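Contents: one structure, followed by commentary.
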Amino acid sequence: MPAEAAPAGGDPCADGLRRVARVVLLDPRDRILLLHGHEPDDPSDDWWFTPGGGVEGAETREEAALRELAEETGITEVDLGPVLWRRRCSFPFAGRRWDQDEWYYLARTTRTAIAALGLTELERRSVAGARWWTCQELTRARETVYPTRLAGLLRTLLDEGPPAGPVTLDTEIV
């Protein structure tokens, strides 16, 4: 995607990809928080995904991760950890193709109440809520979850702890 075509709310990388920071947010019971999204005009075309979004202006990915988490969940009391995974993805959403370079940060919180008070207009039309998932629930899920291997990645994270450095996940093109 050319730099001038980058979606609002996400500065492009040198290669034209939207820079995105996502959060793998775990509660004290090791449940992961996922948001339930859908196409703005078709709630039946839905999926689950981690909180996060595009880097804005001169902010760092860490700052973007914390800002997006606060906007999408109201949760600000977190310990932001290392980058767990990196992924490139491309998908259609809201009438355009989004090409992204995503970094997934580990974060922990004791707060589990959600209050999505900082959503953009597009997010208000396309985010249907949030849910805390156990690893077992995620493994059994029949719903679409992104990244597609999240259940296995979470199991490895819980069993082995964070990787020594970010793991590059397979590119996902939808």
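Predicted model only: the values in this text are computed from it and were never measured. Both backbone and side-chain heavy atoms feed into the values below; hydrogens, waters and symmetry mates do not.
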In Å, rounded to the nearest 0.5 Å, how long is the span from [atom1] of [X] to [atom2] of [Y]?
X	Y	atom1	atom2	result
Glu160	Arg155	CD	CZ	10.0 Å
Tyr146	Arg87	OH	CZ	8.5 Å
Trp132	Leu34	CH2	CG	9.5 Å
Leu33	Arg111	CG	CZ	11.0 Å
Leu153	Trp85	CG	CH2	4.5 Å
Leu150	Thr50	CG	OG1	7.5 Å

Specify the closest pair of heavy atoms between [X] and [Y], including all atoms of both residues, with the distance to one decimal.
X	Y	value
Pro28	Thr109	CD-O, 3.1 Å
Glu72	Gly52	OE1-N, 2.8 Å
Pro162	Leu84	CB-CD2, 3.9 Å
Arg18	Gly53	NH2-C, 4.2 Å
His38	Phe93	O-CE1, 3.6 Å
Glu59	Arg19	O-NH2, 4.1 Å

Residue pair [X] / [Y], side-chain donor-acceptor N/O under 3.5 Å:
X	Y	answer
Tyr104	Arg86	no
Ser90	Arg97	yes
Thr112	Asp27	no

Are [Y] and [X] connected in a single hydrophobic cluster, I mean Ile/Leu/Val/Met/Phe/Trp/Tyr linked by side-chain heavy atoms less than 4.5 Å apart?
X	Y	answer
Leu157	Leu138	yes
Leu26	Leu69	no
Leu80	Val24	no
Val127	Ile75	no
Val23	Ile114	yes

Any non-hydrogen side-chain atom of [X] less than 4.5 Å from a side-chain atom of [Y]?
X	Y	value
Leu154	Asp30	no
Leu66	Val78	yes
Leu17	Arg88	yes
Asp101	Val20	no

Charged N-O contact under 4.0 Å between Arg67 and Glu63: no
Aromatic contact, Trp48 with Trp133 (centres under 6.0 Å): yes
message: side chain to side chain contact (heavy atoms under 4.5 Å, CB included), that's the test. Do Arg61 and Tyr105 meet it? Break it down for me.
response: CA-CA 9 Å; Arg61 290 213 199 214; Tyr105 288 87; 3.2 Å; yes
message: What verdict does the side chain to side chain contact (heavy atoms under 4.5 Å, CB included) test give for Gln100 and Arg22, after you've listed the backbone C-alpha separation in whole Å, the side-chain angles of each residue and the deciding distance to 0.1 Å?
response: CA-CA 11 Å; Gln100 301 190 154; Arg22 298 212 162 276; 4.2 Å; yes
- request: Test side chain to side chain contact (heavy atoms under 4.5 Å, CB included) on Arg31 and Thr134 and set out the steps.
  value: CA-CA 5 Å; Arg31 296 180 303 170; Thr134 66; 3.9 Å; yes
- prompt: Can you pull the side chain to side chain donor-acceptor pair (under 3.5 Å) pairs that have at least one residue in residues 74-84, sequence neighbours excluded?
  reply: none
field: Stepwise side chain to side chain contact (heavy atoms under 4.5 Å, CB included) check, Thr144 with Asp46
entry: CA-CA 7 Å; Thr144 301; Asp46 68 332; over 6 Å; no
